[in-house]
Amino acid sequence: MTRVHAFHGGVHPPENKRQSNGAPIRPAPIPPRLVLPLSQHIGAPAEPLVKVGDRVLKGQVIAEPIGRVSVSLHAPTSGTVTLIGPQPVPHASGMEANCIVIETDGQDEWIEHAGLEDYKSYTKSELINYIRNYGIAGMGGAGFPTDVKLHLGDDHIVNTLIINAAECEPYITADDLLIRERSDEILGGIEVIAHLLNPSHILIGIEDNKPQAIRALEDAVRGCHLNIDVVVVPTKYPSGGEKQLVKLLTGVEVPSGKIPADVGIVCQNVGTASAIYRAVHRGEPLISRIVTITGDAVDQRHNLDVLIGTQYSELLEASGVRRDDLYRLVMGGPMMGFTMKSDAVPVVKTTNCIIAATEEEMPPAPPALNCIRCGMCEQVCPAELLPQQLHWFAKGKEYDKAKHHNLFDCIECGACSYVCPSNIPLVQYYRNAKAEIRQEEAEKQKAEYARMRFEARQARLEQEKIEKELRRKARAEEAAKAQASKKDSAGAAKPAAAGGDVKTLKTAAAVARTKLKKAEKAFEQAKESGADNLAELEAAFNTAKQKADAAQQKLEQAEKGGTVAAAGAPDIKALKTAAAVARTKLKKAQSALKAAEEKGQDGIEQLRDTVKELEAKADAAQKAFDDAQAAPAPTAPVVDIKQLKTAAAVARTKLKQAEKALEKAQDSGEGDIAELEAKVKELEAKVDTTRKAFEEAEQGGSTPAKPAIDLAPLKEDMDKALAKVEKADAAAKAAEEKGLPTAEKMRAGVDKLRGKYEEAKKAYEDAEVQNAAAGGKPAIDLAPLKEDMDKALAKVEKADAAAKAAEEKGLPTAEKMRAGVDKLRGKYEEAKKAYEDAQAQNNAATPAVSAVNLDELKADMDAALAKVEKADAAAKNAEEKGLPTADKMRAGVDKLRGKYEEAKKTYEDAKAQGGAAVAAVAANLDELKADMEAALGKVQKADVAAKNAEEKGLPTAEKMRAGVEKLRGKYEEAKQAYVAAGGTVDADAKPDTVIVD
Amino acid sequence: MALIRSSSPHLHKMNQTGRVMRLVLLATLPGLAAMTFFFGWGTLINIIWASLLAVGFEAAIMKLRNRPIRFYLSDYSAVVTAVLLALALPPFAAWWVTLVGVFVAIVIAKHLYGGLGQNPFNPAMVAYALLLVSFPVEMTRWTEPFVLVSADSGWSVLSFVDTLKVIFGGIDTSVIDSYTGATPLDALRHRGGLTTEEAWRQVPVLADGIGAWHAVSAAYVMGGVFLLYKKIFTWHAPVSVLGSLAVLSTLFFIVEPDYFADPFFHLTVGGTMLGAFFIATDPVSSATSNKGKIWFGLGIGTLIFVIRTWGGYPDAVAFAVLLMNLSAPFIDQYTQPRTYGHAKAKRGLKGDA
């Protein structure tokens, strides 16, 4: 015996079933006109197969299913198709939908049809497809296509098949009568379903208010070989709800958002079972169903076997409707059914009942009163929700809270509305809230799609641009080559200038360097892998180094020699390049060292040594540069000043970096603080020297001196100092409050810091005054200002987000945070203003400044692009893994992309400007060349590495190859730039001709 | 053919708010009868007076708020508030005490918060607490049950007319001195150095008059059970109020019976039963879910015991209820029921905190 479990809540509305369950099922007359909606259930509408004017036979397919969740449609009787188009359909909205209209001919002529002889001989998928083609959709209420519910996959185990015969809605008796008269058909259908699903247990749930039907079922089941139990459940609405019936019969709850099949249960309605029987055994598609016609406005309340498509008016007429009394026409039950606008709508596959109610029977709901929170709704809710809370949330449009209170678990059974003493249309509120939430989500989705489309378009445009650029470059290269060959032929006669020698030497030196690097790398690799030919490699490395040194020396000598003849400026530039290269190397080594330190790898000592060596080299290079600069007469002081300024800026940056490192070290208490301190001091000294040099140069310059002291760094210093003071002050105060013994000391520290701050401020103010006094328009370096501004903005955004989060959580600190945000915003505004001012000033004063910065801008842009790509990849990764952070990452990517776009724009703007100032670019020739050569070296190196990898069959080879291509592209670019600036390219220095030892 | 179109469900239980309120009024009748029987006509007069005032204030406020007066009066909520307040007041409470009380209840505690269903506090209890704090003398002058007035003759309560005069100021209060005395709660509180055992024997209201309170409480229980049967409210709140009060008082009584009153005393005197069945079950100001109602009731029961035993006021129901009214929204957040198909109940307003 199966135990009946209970579900929470439920109501006992007046049953009103006696009126219609007395008479047997009678066939309804064939109407003159049938209207068959193409969409009668959940899922996609069917696609018509007939044309207007076609004659159709009873049972003929007139529309075929489209998509997975869809079933066919058949002609319920013979006749002619007269219309395919919109007609009123039974829908809560009262809308029209596409229908096939058939003028019946009264002959009721069947198409040739026959059932399956032995359905068990068919495969499951064939059988399921058969059911689909026979137009069977759930006949309980929602009309979900039955084949979809039966198509579960072979490994899906169904423990229990539940046949829903509960029919809990008042008034409806269609299933009751069906069971009484056609229990054998139902059993036959159950056998087919059981064959498909192979459940271990079949339960037929039926309410105890249908004794005759229960008896009929029990009789039918007695002779059945299947494990079927007829379970009588107490009459309580909504025990026929799928979830409620599952709970009643099995005690299992269908998890929220899942279907019963997920817990090994499948529910089918008795009507569906009967329809399956008819289809499988008799070959009759679903073209008719039993409909209860009831209500006080009809004289005969009974059940009719109705052809799908029959209009309500026909059925009402057949039941003796009193039109004057008809007040409300309901399809379905009184609890969940919906009202019809008129009776000119057709019966569909889910029409189980038509209630023609009088006003006395179903009076309009009295006006709603205030909710008194009586909680009766909660007591009757079968989903165990808090309907009144949901009501408040729905009314107040607090959809988040409504969702949190499980609004979407509401089955809209109407029990809460039914009992509400204040007559609040609760279900209506929930439907509205659900619809609004769904709409919101749909809009969000739409926006997401729009964004994706936009991004795809951007990417496409980007790609096109790049391709165009490449083509342009290719053309330019060819032109340059032609020019170069011309020049070569012209220059052959001329006596070889010192510059040419230098060039050759330079190339040699570069080659030597490349070799050296290669040897070094090989050596390192060998060391890492513990190869045995270490000594050999070391020897090779040393040799290469010597060669490189020799080449370098030669080059330097040659250059020095050249200096005598040529002007000092190019020399200085070369030196500068050398210094820059040294610096870059140093930086690289430093970062490697840092990384190694962080990872605690061995070989740190070695790296440290390398760093030191490089430092020495960098210093030497710098010194050489400085010397060289100091020595020659100021032929072009403007350029010099600029250079000096750059040098000063670089030094400052370095100093800052060092300071930061020092701070970090101090904070973490790790690392050699003393050393770092020393370095900082050194750098400070350097900064001073460079600045002095710069200032001197400026003052000494013949051009009208513009004592444009860069205010930004000073300001920054000052601000930093102030921040420090504030921080220290706060810490000190905290300490004081806590009565810590260190408070005094901290206070002293604060004072000291304040002193520093005053100093910085003074310096800043002095500088400002000076600038102002000079009356010049200092070409203020925009970058730091911009950076400041961006930083401030980021801070503001971050703080804002934090504040919002706090506010949402109702934290007490929210107010404070908000104040902080305002403060930050103020700072941001300040920074922005400063930036804009500076920009305006600069624009007014110097139109051609940016040309020099071109490379820098390009580098910025490239870095940004790399970042974007990296972030994008990470985001994609996260999305693929379905990580919750994916959204955030995506947003980050967008931000980065925005930055990249900005950088690009700046770069392009600058380039455009730079194009005008060709002369400025020309001066950079050597630099460009050095760039080009460096790029070439890189390409060659990478190429070798890639080849190596390929030979060894390493998996990274492909990647490396791609990297090589990229580098080559860069080289091409560099070359292009060089050529464009007027340089000539050695024919043999192509990246393709890789020098392999 | 014009057919009405509406959203489901199309059936409604004839379950009007007015009906709910009428049933509540009906359920107070046994209590009213017992009060009248033991303490004379005062309570009945108070109820009528308070109801008139309540309807008057309600109508006036509805007029001010531009609402249909008749429609809103028909929900009887104002009358219920008035009746509950009048039942809690001393039977000889002067007319102006009731007037102030009803004004506070209807105008301030109910309508200034938005009217029916919007008030966070039980209006009757707000009024009661305010009266108790403002007019302690009037509010603690309780009538003696008729058995104490004269032991010989049968039903010797003050006549109806005299009671009217007392309430509306026609008779000097000294006349009614013989009809007033301390309540059992007061008597036990101010028992001097007596142990509870001695107090039970020596103080007349405890020794002889306590039966009146028992009877009144029993009458309230009857009304409460009737409402439970009618499913006007659920068992959760009253049972948890009474249960927690009984458990606490039993514990303390076992430890020191000389000092603490016994649980039966706590359950059957003062406003315990009125509070448990008619006040704690007020849906508007109590917690929402069944689980929440249990916590709400537990809080009330505990607070009643604490305030009665260690607090400064004779009875504690009003304060206990008001304090728990204050906590109800918070309780609501953490006592959502587990929804069908969910592994566990959600908590808080958002997220799974």
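To find a chain, count down the sequence lines: A is the first, B the second, and so on, and within it residues start at 1. Keep in mind that what you see is a predicted model, and the values were worked out from it rather than measured.
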[X], part contacting chain B, at a heavy-atom distance under 4.5 Å:
X	answer
Pro425(A)	neither
Val263(A)	neither
Val330(A)	side chain
Lys258(A)	neither
Pro366(A)	side chain
Gln379(A)	side chain

Original post:
Which of residues 408-417 of chain A get closer than 4.5 angstrom to chain B, counting heavy atoms alone?
Top reply: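 Residues in range: Asp409(A), Gly414(A), Ser417(A).
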
Original post:
Shortest non-hydrogen contact from Leu85(B) to Tyr128(B)?
Top reply: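 Residues Leu85(B) and Tyr128(B), closest heavy atoms: CD1-N, 3.9 Å.
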
Original post:
Parallel, tilted or perpendicular for Phe277(B) and Phe233(B), by the 30°/60° rule?
Top reply: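 Aromatic pair Phe277(B)/Phe233(B) classed tilted.
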
Original post:
What orientation do Phe338(A) and His91(A) show, parallel under 30°, tilted 30 to 60°, or perpendicular over 60°?
Top reply: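 Tilted.
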
Most heavy-atom pairs under 4.5 angstrom with chain B, which of [options]?
options	value
His8(A), Arg431(A), Met340(A)	Arg431(A)
Cys381(A), Cys371(A), Gly337(A)	Gly337(A)
Glu398(A), Met362(A), Glu378(A), Gln428(A)	Glu378(A)

Original post:
Heavy-atom distance under 4.5 Å to chain A: side chain of Ser286(B), backbone, both or neither?
Top reply: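 For Ser286(B), the contact with chain A is made by the backbone alone.
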
Original post:
Of the backbone (N, CA, C, O) and the side chain (C-beta and beyond), which part of Asp332(B) lies under 4.5 Å from a heavy atom of chain A, both, or neither?
Top reply: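 For Asp332(B), the contact with chain A is made by the side chain alone.
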
With the side chain counted from C-beta on, respond yes when [X] and [Y] share a heavy-atom pair under 4.5 Å apart, and no when they do not.
X	Y	result
Met21(B)	Pro421(A)	no
Val83(B)	Leu25(B)	yes
Leu227(B)	Phe278(B)	yes

Original post:
Can Lys243(A) be said to sit on top of Phe7(A)'s aromatic six-ring, NZ or CZ under 6.0 Å from centre and within 45° of the ring axis?
Top reply: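 Relative to the ring axis of Phe7(A), which defines the angle, Lys243(A) lies outside at least one limit.
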
Original post:
Are Arg328(A) and Glu361(A) ion-paired here, with the side-chain N under 4.0 Å from a carboxylate O?
Top reply: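 Judged by the 4.0 Å cut-off on N to carboxylate O distance, Arg328(A) and Glu361(A) do not form a salt bridge.
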
Original post:
Is a salt bridge present between Arg65(B) and Glu58(B), judged by a nitrogen-to-oxygen distance below 4.0 Å?
Top reply: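 Not counted as a salt bridge, because no side-chain N and carboxylate O are separated by less than 4.0 Å.
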
Original post:
Within the distance-only criterion (no hydrogens, no angle test), does the side chain of His111(B) pair as donor or acceptor with the backbone N or O of Val107(B) below 3.5 angstrom?
Top reply: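 Flag not set: sc His111(B) to bb Val107(B) has no pair under 3.5 Å.
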
Subject >> Donor-acceptor contact present, side-chain Lys293(B) to main-chain Ser240(B), <3.5 Å >> reply: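 Not a single qualifying donor-acceptor pair exists.
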
